[in-house]
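What's counted below: heavy atoms across the whole structure, side chains too, no hydrogens, waters or symmetry copies. As the structure is a computational prediction, the values presented were derived from the model and not from experiment.
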Amino acid sequence: MKTINNIIALSFLVLMCQNAISRMVCPPDSSYSYKILKSDGRFTLGVDFKKIMYGYPFPYSTSHFVVKVDGEYLTNAKYLSVFSSFYYETELIERRFLWIFKLKPKVKRTLHQLAESPVKYLQDTLFVSGSALSSLKTEISFDYKDVTIYQKLTPVDENLQEVPAGRYGQYYRVDYVIVNRSNKSKKVGLLVLFDTMIDNNDACRIDPFPSDKPAEMFRGKEGSVSKEIICSRGYEKHFFKGNIPRRLLLYKDDKKGIKDLTGDLILSKEKAVLPDMVCIGPWPDYNLVLWTPVINATNKYKDSGVLLRWDEKEAAPSSVTRYTTYYGLYNTGNLQLVVSDPEKMASFNAAEPEIFRGDKTTLKWQVTLQNQMKVKLGILTNEGKKNKIIYIGNEHPERGELVVSPIDNRTYVMEVYDGRKLVGSLFADVTVKIRKEESDGRFTMGSRTGMPVMYGYPFNFPSSYFILSIDGKYASNNPEIGHGAEYIKGISWLEKAGNNTICHQTVYSYGGLDIVQRLIPAGKERDLHSWIPGEFFIKANDELVPASIALQPLNSNGVTFYRVEYEIKNLSGETMNNVGLSLVSDIMIRGKDGGSLYSGGRDAIAANVIYTGNKVPDMIADSKITDSISLMFRFPEQKIQRPVKFCLSYPSFLNDLVFDPEKATQDYCEDAAVLFAWEPGTMKNNEKSTCAVFIGSMLDIPQIHFNNLEKQNSISVFFNTGKSFLSRENISKITAAVKSTNYSCIFIEGNCDRQGADKTNHHLSEDRALEVKKALVKAGADPEKILIKMSGDIKADKRIEKNSLDRKVDISFWQSGENPRQVCK
């Protein structure tokens, strides 16, 4: 008893303090007005700290309206505009669980489908007027195209007449006015949702009555309700035109009837306009209804709501359409209104609301718990037309952060739940800009586990480049190719390739041609099923699909292939002859710089042999075993131009091969690179041609790093004939370079002169490179940042057999730029 008395005393003290503060801010006899910018006008109602609509006295509202104008939906509930909610996502999971275990739900539910067209969220300036001891009056208007929508909340007395200033009302007249400002007729309609709650009962009982006259509503003992007019109390009930109730009573405790706190919804009296549909039932089912609810008369509700709809009708030019309802207390009381303001309960924003595509930002939130609420958070993002849960918080989440990297403009929604009750939604918008920067577009490829597919990964050390030929002239995005080829750069940016993927795009211009390099994620499944002669199948959407069909650009995060595409277009204004393209990739086989490749998963590919025409394999892999392929090249499409030339050889030799395509003399390949060449042809003005190859892995999801390295320093150390021993002078030279240079990675390349056999020279160049690596590590270099290349005598002066300048190791130090570019990490 003492505890109860303390609680009552504390409640009385809180009420007195609030009234005292109100008088300090606004004297009792003074009136005031103010405005709230960027309001959606939602509201909640109560009396003496007791709710008659969910939310009071806290500044959030779970009620809203939807206006339909010529098939378009307009609403003041933003969660309707971002498709779906956390409640329905969890409901869907439960339904799947029941289906898997062949269990029947006690209540049949159908998830409401939202409109295919976007739902427009409305905001504007809310005007509030009143005094310290009176019911507030509000008005807000929304303009959309040539329609204006007004929402007016006016306190009225027990006779539904507007109360004078300085007095409380017993009801609120809720007016919606739609003005057609155009010179054409429009079809307009309105849907309003009231999330009902009487005191602490969120599943209040609701009785519909066919009459709005109190004398006919009650029979028998005072305060009791006739059983003849109770309609399935506690169960969902729908009414349509011709059978619409005139009044709804909402009880905290149906045993006490109107003796207890009772809500009153008047649908046909004074200025009220009778709806065409009235639904009594579960608020969670009604919360996402745009226009037509699912009818289920046997559905028992545990969270009550009332849905009113006025069907679409013709609105003449310059006409005014009014919809009015009264909502308040059947018993006397001082009705109070609170305007929804979720930001008073929580804050939610992006640390950087504008980012470049591929970069990250941090979502930050802070929740102020009220009335001892135990709330949970669900953070969602709209991707296409599907909502995706990206975070579910625990109870009492006072504050938190979440790092995101959206690929396009994105609205993030933080939904606050009291149990399973959605009590507030806050929104953080992130604008994603495309960063365009000068780049040569070279790239290297590897996997999430760090295993390289191309040389250079996981550093931004590029190992793939193209060579463009125009009637005997050459250009390349590799500055070190030599042989008179012009080095060209382009403009690069990340571009959207689907709902969940991005591609990297670089546009070059040379000699009247535009060359577009695109790297597009392709292929969703990693489950390679079986081989058949000339073709293989992969799983896609639980079906076996030929790879020639499946390896198309897909909307997927789980990419296992990249389509490397070059689109060439003639913009010179005249016909151009002998336009051709070659692609060179310095590859890694099983993490090593050399090894064997197989054609079609069966036959070994000979090194230093040029395959032409029909002999160019359709598929090239590093293994005969289908489920352990770490590197694969594929040409599945018939619409693209296929390569007419292929060769597996040294990277340095392939540079020469472009200009002098003759069979090489070496019979081994311990430093593997591949070349694909497309046949030169004539291109008319505005004609375009596309060359493409798929590169990927069946073991892991590939990652791509793009060239953003700048050379900081380079030195060379020289050796005696046939030796790999470093002199003290060379060790000092290496140590000084390490100490004085900032770097992201170090590239070392071992070389030999032309004395001795090719294979012997290759191993000698490897020994020299390894000795240099030891010296670098001893000088303090990180061994994980050192890249080694063994070139043997490939780069030796062909005119001189014994040349001391060829017996060397070249060391270069590279530093990453400020923003390393990555795709689909």
Side-chain angles (χ1 to χ4, degrees), residues 357-358 407 439-458 460-466 477 490 492-506 515-526 528 536 538 540 547-567 581 583-589 597 618-622 629-637 639-640 642-643 673-676 678 690-707 820-825:
R357 185 170 293 168
I407 63 174
S439 165
D440 61 22
R442 288 183 294 158
F443 60 91
T444 184
M445 184 182 294
S447 67
R448 294 178 302 176
T449 57
M451 180 69 74
V453 173
M454 293 179 180
Y455 184 83
Y457 186 87
N460 302 323
F461 199 88
S463 62
S464 185
Y465 60 91
F466 68 82
N477 62 339
S492 297
W493 66 90
L494 297 176
E495 187 57 87
K496 189 174 179 181
N499 287 339
N500 301 319
T501 59
I502 50 179
C503 71
H504 188 276
Q505 183 163 291
T506 305
I515 307 97
V516 183
Q517 173 187 277
R518 299 186 183 95
L519 277 71
I520 308 172
K524 183 176 182 181
E525 299 292 336
R526 290 182 289 163
L528 183 65
F536 66 93
I538 68 173
S548 58
I549 298 174
L551 294 182
Q552 305 297 315
L554 299 177
N555 301 335
S556 166
N557 281 325
V559 298
T560 56
F561 284 83
Y562 271 90
R563 171 187 167 118
V564 181
E565 174 183 291
Y566 295 90
E567 181 184 279
L581 185 81
L583 175 65
V584 178
S585 293
D586 186 355
I587 62 176
M588 301 289 285
I589 300 174
L597 293 179
D618 289 337
M619 192 279 296
I620 299 164
D622 70 339
I629 293 174
S630 62
L631 172 63
M632 179 185 291
F633 296 91
R634 187 72 173 132
F635 305 98
E637 290 183 294
K639 295 181 180 179
I640 63 172
R642 290 176 53 79
V674 293
L675 172 134
F676 301 99
W678 286 264
T690 302
C691 312
V693 57
F694 287 90
I695 307 176
S697 169
M698 307 310 294
L699 295 180
D700 203 353
I701 298 174
Q703 292 179 318
I704 288 182
H705 289 293
F706 294 97
N707 176 33
R821 312 311 309 153
Q822 296 181 1
V823 171
C824 287
K825 188 172 181 179

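- Smallest separation of non-hydrogen atoms from L583 and S464: CD1-OG, 3.7 Å.
- The ring-ring contact (aromatic ring centres under 6.0 Å, His included) test applied to F633 returns F676, not counting sequence neighbours.
- The two atoms that bring V516 and Q505 nearest to each other are CG1-CG, 3.8 Å, heavy atoms only.
- Contact record, V674 with L597: CG1-CD1, 3.8 Å, taken as the closest heavy-atom pair.
- The closest side-chain heavy-atom distance from R518 to R563 is not below 4.5 Å.
- Atom OG of S585 and atom CZ of F443 lie 5.5 Å apart (nearest 0.5 Å).
- Counting heavy atoms from C-beta outward, W678 and P643 have side chains that approach closer than 4.5 Å.
- To the nearest 0.5 Å, atoms OG1 (T506) and CG (D440) are separated by 8.5 Å.
- Atom CZ of F694 is separated from atom OH of Y562 by 13.0 Å, given to the nearest 0.5 angstrom.
- Nearest heavy atoms, A673 versus D586: CB-CA, 3.8 Å.
- Rounding to the nearest 0.5 angstrom, the gap separating the CG atom in D622 from the CE atom in M588 is 12.0 Å.
- Between atom SG of residue C691 and atom CZ of residue R642 there is a gap of 12.0 Å, rounded to the nearest 0.5 Å.
- Smallest separation of non-hydrogen atoms from V453 and S630: CG2-O, 3.7 Å.
- In this structure, the ring of H504 has its center less than 6.0 angstrom from the ring center of F706.
- Nearest approach of L581 to F466, heavy atoms of both residues: CD1-CD1, 3.8 Å.
- Checked by atom type and distance alone, the side chain of R634 pairs as donor or acceptor with a backbone atom of D618 at under 3.5 Å.
- Atom CG of residue L631 and atom CD1 of residue I695 lie 8.0 Å apart, to the nearest 0.5 angstrom.
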